[in-house]
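A note on names: the letters A, B, ... follow the listed sequences, proteins ahead of strands, and every chain is numbered from 1.
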2 protein chains.
Amino acid sequence: MTRPRPARLVRSERATRDGIPEATVSRLPFYLQALTALAERGVATVSSEELATAAGVGSAKLRKDLSHLGSYGTRGVGYEVQYLIYQISRELGLTQDWKVVIVGIGNLGHALANYGGFTSRGFTVAALVDADARVVGETVAGLTVTGLDSLDQTVSSLGIQIGVVATPGPAAQEICDRLVAAGVTGVLNFAPCVLTVPDGVMVRRVDLATELQILAFHEQRRAAGRLAGEMPAEPQDLSEALGAIGEPRTTLTKSRAEAAG
Amino acid sequence: MTRPRPARLVRSERATRDGIPEATVSRLPFYLQALTALAERGVATVSSEELATAAGVGSAKLRKDLSHLGSYGTRGVGYEVQYLIYQISRELGLTQDWKVVIVGIGNLGHALANYGGFTSRGFTVAALVDADARVVGETVAGLTVTGLDSLDQTVSSLGIQIGVVATPGPAAQEICDRLVAAGVTGVLNFAPCVLTVPDGVMVRRVDLATELQILAFHEQRRAAGRLAGEMPAEPQDLSEALGAIGEPRTTLTKSRAEAAG
DNA sequence: AAGCGCTTGTGAACGTATGCACAAAGTTGC
DNA sequence: GCAACTTTGTGCATACGTTCACAAGCGCTT
Ligand SMILES: NC(=O)c1ccc[n+]([C@@H]2O[C@H](COP(=O)([O-])OP(=O)(O)OC[C@H]3O[C@@H](n4cnc5c(N)ncnc54)[C@H](O)[C@@H]3O)[C@@H](O)[C@H]2O)c1
Ligand SMILES: NC(=O)c1ccc[n+]([C@@H]2O[C@H](COP(=O)([O-])OP(=O)(O)OC[C@H]3O[C@@H](n4cnc5c(N)ncnc54)[C@H](O)[C@@H]3O)[C@@H](O)[C@H]2O)c1
C-alpha cells in the first residue's frame with residue numbers, strides 16, 4: 001500500500017532495492033552529515049547542486065547515488081531535508097542504535113570514549129575494556145573500564161555488535177578473535193596491522209600513518225613538478241639509496257647496481 | 001558524434017613513470033608496513049603471494065600495483081624485502097622527513113601528539129597549536145603547545161608542509177585557510193566537515209562516525225538477510241518513520257504519505 | 001648447457017564508477 | 001489550463017580498477 005513507486009519502470013537499472021554500490025555507501029555518511037547541518041540551520045529543502053557542494057562532491061554523482069535508494073526528491077524543487085535524512089539513515093541502518101565496545105583504553109581509546117560524535121550519530125559506547133590493571137576500574141566518559149576477562153561476557157550479554165580495536169598492533173588479532181567469538185560482526189581497527197576474520201565479519205581499518213603517507217606522495221609529486229617543470233623521467237639513482245633506508249645490504253643475491261650498470 | 005574516438009589504445013597502459021593510479025597509491029602504505037614487519041623478522045625475500053597475504057590483498061593486485069613502480073622483483077624468486085621497502089618509500093616521498101603541525105590539542109590532538117607511529121614512519125610532529133589558553137603552554141610529547149597567533153609564523157618559519165586539523169568542526173575551515181596561507185599544502189582533517197582549499201592543496205578526511213556508519217550498513221544488511229532469508233524487498237513503511245528521526249514535519253509541501261495514498 | 005619448476009609482469013576480459021547531457025516531471029505564474 | 005522554467009533521474013560514453021591466466025624470465029639441478 002504505502003508505495004510511492006511509479007509502478008512502471010520496475011527494474012530499469014541495478015536492482016534498486018538490494019544492490020547499492022559500495023562507493024555510494026561510503027558517501028552516504030557525508031550526505032547525511034551535510035543534511036543534518038542543513039536541518040540544524042532550518043533548511044527545509046535542498047537541490048542536488050547545493051547538497052553536492054555541501055558534501056564536497058559533484059551534483060551528478062550525488063543524484064546517481066541517491067537514485068540508488070529510490071526516487072526521493074521532487075523535480076523542479078529538490079530534496080526534502082528531513083525526509084532524505086530519514087531515508088539515508090534507514091539505508092545505513094541507523095534507525096537502531098548500535099552498541100560498541102572499545103578495547104584498549106590508551107591515548108586513542110580515551111579520546112574515542114570521550115568523543116561525542118559517536119553517540120550523536122547512532123552509536124552507543126556500551127563498554128570499555130583494557131588489559132592494564134592500572135587502567136581497569138578507571139571511569140571514562142561515565143563508563144568503568146573492565147578487564148580483559150570480562151570481554152566475552154560483556155559483549156555477549158549486552159549484545160554488542162561492533163568492536164573498536166585500539167590496542168597495540170601485536171594484541172589486535174587476538175582481541176579481534178575474541179570479539180568475533182563473542183558475537184561481534186563488525187570491527188573498526190586502529191592498529192596498524194591486518195586483521196583476519198571469518199566470512200560474515202567486516203573489518204574496516206583506520207590508519208593515520210597511511211593517510212599521511214598518501215598526503216606525502218602527493219606533496220612530493222607536487223614538489224617534483226614545481227622544481228623541474230617537465231622532467232623526462234629520470235631513472236632514479238640507487239647506489240647510496242639502499243644505505244639511506246635499508247641496512248648494509250645483506251643477502252642481495254643480485255645487487256641492483258649490477259642490473260643498472 | 002561527440003568525439004572522433006581515440007581509435008586504439010596505443011599506450012599499452014598508463015605511463016609507468018608518472019601515472020601511478022590513485023588506488024595503487026592508497027595501498028602502497030599497507031605494503032610498506034607489511035614489508036617492514038617482515039624485515040623486522042629478518043626475512044630477506046618474499047613472494048607476491050606471501051606479501052599479498054600479509055597485506056590483506058590479492059596477489060594479482062599486488063603484482064600489478066608494484067609493476068607501476070617498475071620491475072623490481074625476480075622471477076622465480078620474489079621480491080627483495082629491503083629493496084622493495086626502499087622503492088616504495090621513495091615513491092611515497094618518505095626519503096625525506098615531513099614536518100607536521102597539529103592544530104587543536106583536545107582529546108584527539110593529545111592522542112595524536114603522543115602517537116609514536118608518526119615519527120617512526122617518516123613524519124615529524126614539529127608544532128602543536130591550540131586556541132584555549134588553558135592548553136597553551138602545556139607540554140605534550142616534548143613539545144610546548146603554542147597559541148593561535150603563532151600559527152602562521154610557526155608554519156612558515158619551520159617550513160611545515162602538512163597540517164592536521166583536530167579542532168571542532170566550526171573552527172576547521174578557518175584553521176585550514178590559515179594553514180594553507182602559511183604554506184601548508186597537505187591537510188589531514190579529523191573534523192566532521194568539508195574543507196574547501198585552493199587547487200594544489202590536498203585534503204584527506206578521517207571521520208570515525210563515517211566508518212562506523214559504513215559498518216552499520218553492512219551489519220544491517222547481514223541482519224536483514226539472516227532474519228528473512230529471501231525477502232521480496234519490502235517497500236518500507238514511513239508513517240511513524242518521520243517521527244522517529246525527523247521532527248514534527250514542518251514544511252512538507254507535499255507529504256510523502258499523500259503520494260502513497 | 002639444457003631442462004625444469006617457480007614466480008613475476010602484463011595483456012585481455014570483465015566489472016565498477018564517473019560525468020555528461022537531456023527527457024521527464026514537477027512547480028510557478030499568468 | 002497552458003507555457004515557461006527548474007531540477008531530478010537516468011541512458012550512455014568513458015575512465016578506472018580488478019581479476020584471470022599465461023608467456024617470459026630466472027635460478028637450480030643435472
Ligand atoms: N594515538 C594515536 O593517535 C593513534 C593513531 C593511529 C593509530 N594508533 C594505534 O592505535 C593503537 C592504540 O594507540 P594508543 O596511542 O592509544 O596506544 P596506548 O599504548 O596509549 O594504548 C594502548 C592501550 O591498549 C591496552 N592494551 C594492550 N594490550 C591489550 C590487550 N591485549 N587487550 C586489551 N588492551 C590492551 C594498553 O593497556 C593501553 O591502555 C595502536 O595500535 C596505535 O598504533 C594510535
Ligand atoms: N575524539 C575523537 O575520538 C574524535 C574522533 C573523530 C573525530 N573527532 C573530531 O576531532 C575534532 C577534535 O575532537 P576532540 O575530541 O579532540 O575535541 P576536543 O573538544 O577535546 O578538542 C578540541 C580542541 O580544539 C581546540 N580549539 C577549538 N577551537 C580552536 C581553534 N579555532 N583553533 C585552535 N584550536 C581550537 C580546543 O581548545 C580543544 O583543545 C572534532 O572535530 C571531532 O569531531 C574526534
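In this entry the distance linking OH of B:Y72 with C1' of C:dT7 reads 19 Å, nearest Å. The nearest whole Å value for the distance from the CG atom in A:L62 to the P atom in C:dT18 is 12 Å. Distance, B:I20 CD1 to D:dG17 P: 12 Å, rounded to whole Å. Counting to the nearest Å, the P atom of C:dT8 and the CG atom of B:D65 are 14 Å from each other. Computed from coordinates, the B:L84 CG to C:dT7 P distance equals 16 Å when rounded to whole Å. Across the protein-nucleic acid pair, B:H68 atom NE2 and C:dT10 atom C1' stand 10 Å apart, rounded to whole Å. Rounded to an integer number of Å, the gap from CD of B:E80 to P of D:dG27 is 11 Å.
Partners of B:D65 under the side chain to side chain donor-acceptor pair (under 3.5 Å) rule, at least two apart in sequence or in another chain, are B:T24, B:R27, B:Y31. The salt bridge (charged side-chain N to carboxylate O under 4.0 Å, His left out) test applied to B:E50 returns no partner, not counting sequence neighbours. With sequence neighbours excluded, no residue satisfies side chain to side chain donor-acceptor pair (under 3.5 Å) with B:E174. Here A:S59 pairs with A:S48, A:E49, A:A52, A:R63 under the side-chain contact (heavy atoms from CB on, under 4.5 Å) rule; sequence neighbours left out. In terms of the side chain to side chain donor-acceptor pair (under 3.5 Å) criterion, A:Q213 has no residue partners (sequence neighbours excluded). B:R75 is linked by a salt bridge (charged side-chain N to carboxylate O under 4.0 Å, His left out) to nothing, counting only residues two or more places apart in sequence or in another chain.
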Protein-nucleic acid N or O pairs under 3.5 Å, nucleotides 20-23 of chain D:
unit_1: D:dA21; atom_1: N6; unit_2: B:R63; atom_2: NH2; d: 3.4

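A heavy-atom distance below 4.0 Å to DNA chain C is reached by these residues of residues 47-54 of chain B, ordered by number: B:S47, B:S48.
In this model, the phosphate group of D:dT19 is approached by a side-chain N or O of B:K61 to a distance below 4.0 Å at OP1 or OP2. For the OP1/OP2 pair of C:dG9 and a distance below 4.0 Å, the side-chain nitrogens and oxygens of B:Y79 include at least one atom meeting the criterion.
Nearer to the 5' terminus of DNA chain C, by closest-nucleotide assignment, is the contact made by B:V46 (compared with the other of B:V46 and A:E22).
Contact record, A:V187 with A:C176: CG2-SG, 4.4 Å, taken as the closest heavy-atom pair. Closest approach of A:G73 and A:Y79 over heavy atoms only: CA-CD2, 3.4 Å.
Residue pairs meeting the salt bridge (charged side-chain N to carboxylate O under 4.0 Å, His left out) criterion with at least one member in residues 189-204 of chain B, sequence neighbours excluded, are A:E211-B:R204.
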